[in-house]
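Read through the structure below, which is laid out as structure tokens, and then see the notes.
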Amino acid sequence: MLDLQTLRNEINDVAAQLARRGYVLDIARFEQLEGERKSVQTRTQELQAKRNTASKQIGQAKAKGEDVTFIMAEVANLGDELKQLETRLEVIQQEMLAFLSVIPNTPHATVPQGKSEADNVEVRKVGTLPKFDFEVKDHVSVGEAMGLDFETATKISGSRFSLLKGPLARMHRALAQFMLDAHTDQHGYTETYVPYMVNAESMRGTGQLPKFEEDLFKVPRHMGDAGVENFYLIPTAEVPVTNMVRDTITPLEQLPLKYVAHTPCFRSEAGSYGRDTRGMIRQHQFEKVELVQIVHPEQSYAALESLLGHAETILQKLCLPYRVVKLCTGDMGFSAALTYDIEVWLPAQNTYREISSCSNFEAFQARRMQARFRNALGKPELAHTVNGSGLAVGRTLVAILENNQQKDGSVKVPEVLRPYMGGLEFIRAG
RNA sequence: GGAGAGGUGGCAGAGUGGUUGAAUGUACCUGACUCGAAAUCAGGCGUAGGCGAAUAACCUACCGAGGGUUCGAAUCCCUCCCUCUCCGCCA
């Protein structure tokens, strides 16, 4: 959520920044809401003050045993108008909140201008592309003989699910363990285990709601006479982990908070029909190791760079070639001010594919969540939130299957994973 | 699932429907005393919003959440949420 104060004072500037990412800010609507809010709120508070004063007088008069009918008569008519105004004010504030809730974050000044993925800017390429003296197969073909089974997954659940058996299932587990160990032992993150179902308030906090409900899986929960409240399956650990600090004031000396979590992620993938239907690139359920930092505003861009480095380290240790791109204004997510994607090389597709997305949200999420810290003056101030995948486990497995495939159909296990796999060097068919 | 007890400021903990945004203690900040510290004494110390140049004054809201009664609610009524204790069930 953007700062209301900033919107009031610099609306044209904000509108210009939002226009960079193709969002048209409805200035007229904003000013209409603001104008009405101002008059209704002022009038409401006037009446409230009047009522409060009179009520105090009644109390005092009664204590002295004086007659109060005169004062009572004075306030008698206040009730109706006040009630109406309070209701109206509530409505206006709800409308303002709804208006603000669907405005995306303003992009950082250094974010390249662009409309789509095609306009993203490559920052660096790391690693050397593998050379094959045989016909390269994609991960589906490589994996099917060794336990990658989409048919059974489809029977059990449907499309966009996958099932792993034997050494592939173990490598999948090994990857998550390896990533967690690297981030906790070497990068200073605190491991967390978090709920996979969260309430609507948490989804609001990180920006998934109210605008992207159709991307989420919703689980109804019956609350007796109070109706139905929904749980949502998390689309990323970013949601529960970041919301750890919702409505809290963190002491300055505890910043930065650095958390890592390994969780399943659930995405409805509504609107992506026909995209990446083959293989385990785009799934309703996948695993991800997520890095989250809650930082001092002055540190957030440095934190983003370091977090990006932590994610890159994983690919380097796995000897997977990748590149880092800076997303353009048109490709960035709703809540982000600046995003780097890490894209891993997939030889069968002859291209780089996203395996991590690292963003600085500045105060956008923190404002929604009221995630604050106590600054040097002792006053509460909004923190900045930074997060990124470190990495998406399923896609990492895909990358290993494709990059490490051998002429004989086997797959070489990256050295760093072998300790997690009983020393296994090759996964073979059968 | 059954029975009971609770949710009040950073923490602890009062609060007969009326000068209660809230006693008191503690923590913290400032000052006095002291060579310095401790102890003691005095003062200060919540958040959000409005108005505004203002981190000033003033006004409004906030005692788990949401409704209701009332001129007036932390206090009374209703619904829900959460926490704790005991019993039952359970990985």
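Sequence lines set the chain letters: A, B, ... in the order given, protein chains first and strands last, and positions in each chain run from 1.
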Legend entry - Counterpart residues, ring-ring contact (aromatic ring centres under 6.0 Å, His included), relative to His384(A) (two or more places apart):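 With neighbours one apart ignored, the set is empty.
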Legend entry - Under the ring-ring contact (aromatic ring centres under 6.0 Å, His included) test, residues paired with His187(A) that sit two or more places apart: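 Listed in chain order: His183(A), His310(A).
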Give a yes/no answer on whether the side chain of [X] brings an N or O atom under 4.0 Å of OP1 or OP2 in [N].
{"X": "Arg8(A)", "N": "G52(B)", "result": "no"}
{"X": "Lys379(A)", "N": "U55(B)", "result": "no"}
{"X": "Arg374(A)", "N": "G46(B)", "result": "no"}

Inset, instruction - Establish, for the pair Lys412(A) and Phe426(A), whether the NZ or CZ atom is under 6.0 angstrom from the six-membered ring centre and no further than 45 degrees off its axis. - result: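 Cation-pi check for Lys412(A) and Phe426(A): fails.
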On a whole-Å scale, what distance lies between the [atom1] atoms belonging to [N] and [M]?
{"N": "A65(B)", "M": "G10(B)", "atom1": "P", "value": "14 Å"}
{"N": "G9(B)", "M": "U47(B)", "atom1": "P", "value": "14 Å"}
{"N": "A48(B)", "M": "G43(B)", "atom1": "C1'", "value": "26 Å"}
{"N": "G46(B)", "M": "C28(B)", "atom1": "C1'", "value": "13 Å"}
{"N": "G66(B)", "M": "C71(B)", "atom1": "C1'", "value": "24 Å"}
{"N": "G18(B)", "M": "A74(B)", "atom1": "C1'", "value": "13 Å"}
{"N": "U85(B)", "M": "A91(B)", "atom1": "C1'", "value": "23 Å"}
{"N": "U34(B)", "M": "U83(B)", "atom1": "C1'", "value": "48 Å"}

Inset, instruction - Indicate, yes or no, whether a donor-acceptor pair under 3.5 Å links the base of G18(B) to the side chain of Lys56(A). - result: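 It does not, because no donor-acceptor pair links the side chain of Lys56(A) to the base of G18(B) below 3.5 Å.
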Inset, instruction - With the side chain counted from C-beta on, respond yes when Gln370(A) and Leu382(A) share a heavy-atom pair under 4.5 Å apart, and no when they do not. - result: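 Gln370(A) reaches Leu382(A) side chain to side chain.
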Inset, instruction - Take Gly59(A) and Arg372(A), find for each the nucleotide of RNA chain B with the closest heavy atom, and name the residue whose nucleotide sits nearer the 5' end. - result: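 So the residue in question is Gly59(A).
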Inset, instruction - Using the closest heavy atom to pick a nucleotide of RNA chain B for each, name whichever of Gln370(A) or Lys62(A) lands nearer the 5' end. - result: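 Counting from the 5' end, the first nearest nucleotide belongs to Lys62(A).
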Legend entry - Candidate nucleotides G72(B), G50(B), A48(B), ranked by approach to the side chain of Pro380(A) - the nearest: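 Of the options given, the side chain of Pro380(A) lies nearest A48(B).
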Legend entry - Closest to the Lys83(A) side chain, choosing from G50(B), G68(B), C71(B):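 The listed nucleotide nearest to Lys83(A)'s side chain is G68(B).
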Only pairs at least two apart or in different chains count here, so list each ring-ring contact (aromatic ring centres under 6.0 Å, His included) that has a residue in [range].
{"range": "residues 138-162 of chain A", "answer": "Phe161(A)-His284(A)"}
{"range": "residues 83-113 of chain A", "answer": "His108(A)-Tyr301(A)"}
{"range": "residues 19-52 of chain A", "answer": "none"}

Rounded to the nearest Å, what distance is computed from the [atom1] atom of residue [X] to the [atom2] atom of nucleotide [N]?
{"X": "Gln93(A)", "N": "C62(B)", "atom1": "CD", "atom2": "P", "value": "13 Å"}
{"X": "Leu47(A)", "N": "G50(B)", "atom1": "CG", "atom2": "C1'", "value": "15 Å"}
{"X": "Asp247(A)", "N": "G64(B)", "atom1": "CG", "atom2": "P", "value": "16 Å"}
{"X": "Arg367(A)", "N": "G49(B)", "atom1": "CZ", "atom2": "P", "value": "11 Å"}
{"X": "Gln60(A)", "N": "G72(B)", "atom1": "CD", "atom2": "C1'", "value": "13 Å"}
{"X": "Glu86(A)", "N": "G49(B)", "atom1": "CD", "atom2": "C1'", "value": "14 Å"}
{"X": "Gln94(A)", "N": "G66(B)", "atom1": "CD", "atom2": "C1'", "value": "13 Å"}
{"X": "Ile249(A)", "N": "G9(B)", "atom1": "CD1", "atom2": "P", "value": "13 Å"}

Inset, instruction - For RNA chain B, determine which residues of residues 196-206 of chain A have any heavy atom closer than 4.0 angstrom to one of its atoms, and list them numerically. - result: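 Under 4.0 Å from RNA chain B: no residue of residues 196-206 of chain A.
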Inset, instruction - For Tyr340(A), enumerate each residue passing the side-chain hydrogen bond (donor to acceptor under 3.5 Å, both in side chains) test, keeping only those at least two apart in sequence or located in another chain. - result: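 Applying side-chain hydrogen bond (donor to acceptor under 3.5 Å, both in side chains) to Tyr340(A) gives Glu305(A).
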Legend entry - Over 12 non-hydrogen atoms of neighbours within 6.0 angstrom of CD in Glu298(A):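 Not more than 12 within 6.0 Å, no.
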Legend entry - salt bridge (Lys or Arg N to Asp or Glu O under 4.0 Å): pairs with one or both residues in residues 185-209 of chain A, sequence neighbours excluded: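 Residue pairs passing salt bridge (Lys or Arg N to Asp or Glu O under 4.0 Å), neighbours aside: none found.
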Legend entry - Residue pairs, two or more places apart or on separate chains, that pass salt bridge (Lys or Arg N to Asp or Glu O under 4.0 Å) and touch residues 150-173 of chain A: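 Listed once each, the pairs are Asp149(A)-Lys165(A).
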Inset, instruction - Please identify each residue that fulfils salt bridge (charged side-chain N to carboxylate O under 4.0 Å, His left out) with Glu287(A), with sequence neighbours left out. - result: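 Result, salt bridge (charged side-chain N to carboxylate O under 4.0 Å, His left out) vs Glu287(A): none returned.
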Inset, instruction - Any chance you could encode RNA chain B as dot-bracket? Rule is Watson-Crick or G-U wobble with both distances under 3.5 Å; [ ] for pairs crossing earlier ones, | for another strand. - result: ((((((((.[[[..)..(.....]]].(((((.......))))).(((((.......))))).[[[[[..)....]]]]])))))))....
Inset, instruction - Assess the pair Phe334(A) and Phe212(A): is the distance between their ring centroids shorter than 6.0 Å? - result: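 Centroid distance Phe334(A)-Phe212(A): below 6.0 Å, so yes.
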Atom pairs under 3.5 Å, N or O on each side, protein against nucleotides 59-61 of chain B: can you list them with distances?
residue: U60(B); atom: OP1; partner: Asn52(A); partner atom: ND2; Å: 3.3
residue: U60(B); atom: O3'; partner: Gln48(A); partner atom: OE1; Å: 3.3
residue: U60(B); atom: O2'; partner: Gln48(A); partner atom: OE1; Å: 2.8
residue: A61(B); atom: OP1; partner: Arg51(A); partner atom: NH2; Å: 3.1
residue: A61(B); atom: OP2; partner: Asn52(A); partner atom: ND2; Å: 3.4

